[in-house]
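We use all heavy atoms of the structure for the numbers below, so side chains are in, but hydrogens, waters and symmetry mates are not.
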Amino acid sequence: MKALACCVRLALSLGVVAIMLAALIAVGPNEDAPRRAVSIETAILCSTAFPEDPCDGVPVALPVTGAVETKLRIRVETPVPQNPGPGPMALYFPRFADGLDVYLDGALVLRTAPEGGPYWHWSTPAYTRLPQEILPQGRATLDIVVHSAPLFPPMLAAFQFGPDQVLAQRYALRARLTGDVAWFGLLLALLCTAGLAVLAVVRRRDRVYHWAAFAGAATAMLSLHYLGSSPPIPDALWMVIWTATVPFLVACLHRFIRRFLRRRTDTAEQVTLGYAVLSLAVMLMTPEPYLLIMSGLVQCGMLAITLYLLATLIRDRRFTTRGRFATLYGAASFTAALAVHDAMFLYLSPPPVDMQLGQFMPLVFMFVTGWLVVVQLVTALAHQEALSDRMRGRIIERTRALRQTARQLEASEREALLAQERQRIMMDLHDGVGGHLANALAGLRQSPHSDPHLREVLEEAQTDLGLMVDSLYNPGDVVSLLGALRARIEPMLERQGVCFDWQVEETPRLPNPTPTCNINLLRIVQEFITNVVKHAGATRITVVTGGSHILLCDDGKGFDVSAAGRRGHGLRSQRVRARAIGATLQLESDGRGSRLFLGW
């Protein structure tokens, strides 16, 4: 049963890597010739590599490959457009290995490396502009000499000839995806390795940071391989080092993941580390002519080990969360797919892919490793904080209870004092000023010579006094405040022929229910109703309440809102009161009436 389960996990891992590889091939850069450019896909393979000699050879299809450490010379005759348009023409070489000399009718127009080498430009494109004055009429003859780097065969893939403004974008994109990404990955790998090394020193007991630092160093070494520049050491030794770097990187990553999952050392860890050491030893003993073949064999063995490690990661998924497992497994599978993609590029002729993508592997590694290290640190800090919280939990709990009790007592005393003060003010207003106003109004109503204007002023004063009393007593219930206002001013509205239409959909509450906020809200509504009665000639006032707003509408003749704001202080005062209660006020008016929206 265990063997069957292991086979199922291996098949699943192989399927995931295959799907990712197919996706990389499908969405990878496409080097088809753009519009107005010509793709050179056939050439004549010359018998000599010297551009001054006649070209006696046979037609070949590009890409063309020679023997290891040789030179290739091919000749291409291509028509030159009579009206190419504005700007110069250009040549764009997306893929070649490793040095390139291009002659146009015998004149050198491009050299990617100094004469005599070194030639390490197998991952970098080449590009040159051809001004109109050097282009011949009718047809142009191109002699291209390809130099190979040590231990590698020369190779030239199909290239493109066309307007500079068309091909410059292709060259810039490929240069960014190769050299620029490789340099960025190297810089990022060095920075992350330095940070991980510091963490490994600070947290000596936690081995997860040690293996992460070792993996970061291996990633930085591997990034040098994708820079497309001359190696800093002899070529054969450099091939040995970067070939052996891959097994060491996988071994370090395996141990890093196992330590991250808090798993003990197992046989697979010993096998991966032993394979890395064995790979280095075998590469060192391999003769130079066979280093390229041995490098491919080492990578194939490493791919098989990687698939097995992916299968063991599926087995250990129960030791971490789903999100962490998905990130780990997805990144590891994607890296394996990138490795297979590059192996196809290097060892298959012609390769089914147009460009190497291994320069993205350091970015994937840095992202996953950095994310896991941050998770590890956060988890460790959370664990320490949990231990500290448990130690001082009772003290904090009792302190919180005492503070809560003190706040409740303070709030109760404050509320009692405020309630007593409100009650005293209400009684004074009602029995004092309110009684005087009521007596004055009663006297005016009984007098046959009473002044209607004075009676109206006293009624408004009595209404205002009632609003003040309501604002002191109400705890912030907007519907109750509006109901009290309606009860006080509805008799006056009926005398003016105006009726109320109440549409209470929800019961809003003020964000800060204080007597000041209550009176500001009532004043805003009162001001709107007073203006409607005095100036609008309306017959209906509609009041709509929502969860956090009030809408007042009338069916009057409307007015000019901008002119009203310039003439008086009513609208300005309303906006000030709205800001005081933490609300926004919007006033609109046209021939169908006015609308005031108050929301918070």
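No side-chain N or O of Y226 forms a donor-acceptor pair with one of T178 less than 3.5 Å apart. No side-chain donor-acceptor contact under 3.5 Å links Q574 and R577.
Between F260 and F256, the angle of the ring planes lies from 30° to 60°, which puts this pair in the tilted group.
Screening residues 514-552 for ring-ring contact (aromatic ring centres under 6.0 Å, His included) gives H549-F597 as the qualifying pairs, with residues at least two apart or on separate chains. Residue pairs meeting the ring-ring contact (aromatic ring centres under 6.0 Å, His included) criterion with at least one member in residues 481-507, sequence neighbours excluded, are F500-W502.
Among L481, T530, V478, L552, the one residue that satisfies the side-chain contact (heavy atoms from CB on, under 4.5 Å) test with V525 is L552. Tested against D316, the residues R258, R324, R262 include a single salt bridge (Lys or Arg N to Asp or Glu O under 4.0 Å) partner, R258.
For R317 (side chain) and I314 (main-chain N/O), a donor-acceptor pair under 3.5 Å exists by modelled atom type. With hydrogens and angles disregarded, a donor-acceptor distance shorter than 3.5 Å links the side chain of R174 to the backbone of P94. For the pair R207 (side chain) and W211 (backbone), a donor-acceptor distance under 3.5 Å is absent. The closest donor-acceptor contact from the side chain of D555 to the backbone of R540 lies under 3.5 Å. With R176 contributing its side chain and V181 its backbone, the two residues share no donor-acceptor pair below 3.5 Å. Looking at S594, its side chain never comes within 3.5 Å of a backbone N or O of S589 through a donor-acceptor pair.
Scored by the side chain to side chain donor-acceptor pair (under 3.5 Å) test, R595 finds D590 as partners (sequence neighbours excluded). Partners of E490 according to the salt bridge (charged side-chain N to carboxylate O under 4.0 Å, His left out) rule, which considers only residues two or more places apart in sequence or in another chain, are R486. Every residue two or more places apart in sequence or in another chain was checked for a side chain to side chain donor-acceptor pair (under 3.5 Å) with T306, and none qualifies. By the salt bridge (charged side-chain N to carboxylate O under 4.0 Å, His left out) test, D164 pairs with R129, sequence neighbours left out.
F360 is listed as a side-chain neighbour of L177, based on a closest heavy-atom distance under 4.5 Å. The shortest distance between side-chain heavy atoms of V198 and Y209 does not fall below 4.5 Å.
Remark: I395 CD1 is loosely packed, at most 12 non-hydrogen atoms of other residues, nucleotides or ligands lying under 6.0 Å away.
Between I550 atom CD1 and L510 atom CG the span is 7.5 Å, to the nearest 0.5 Å.
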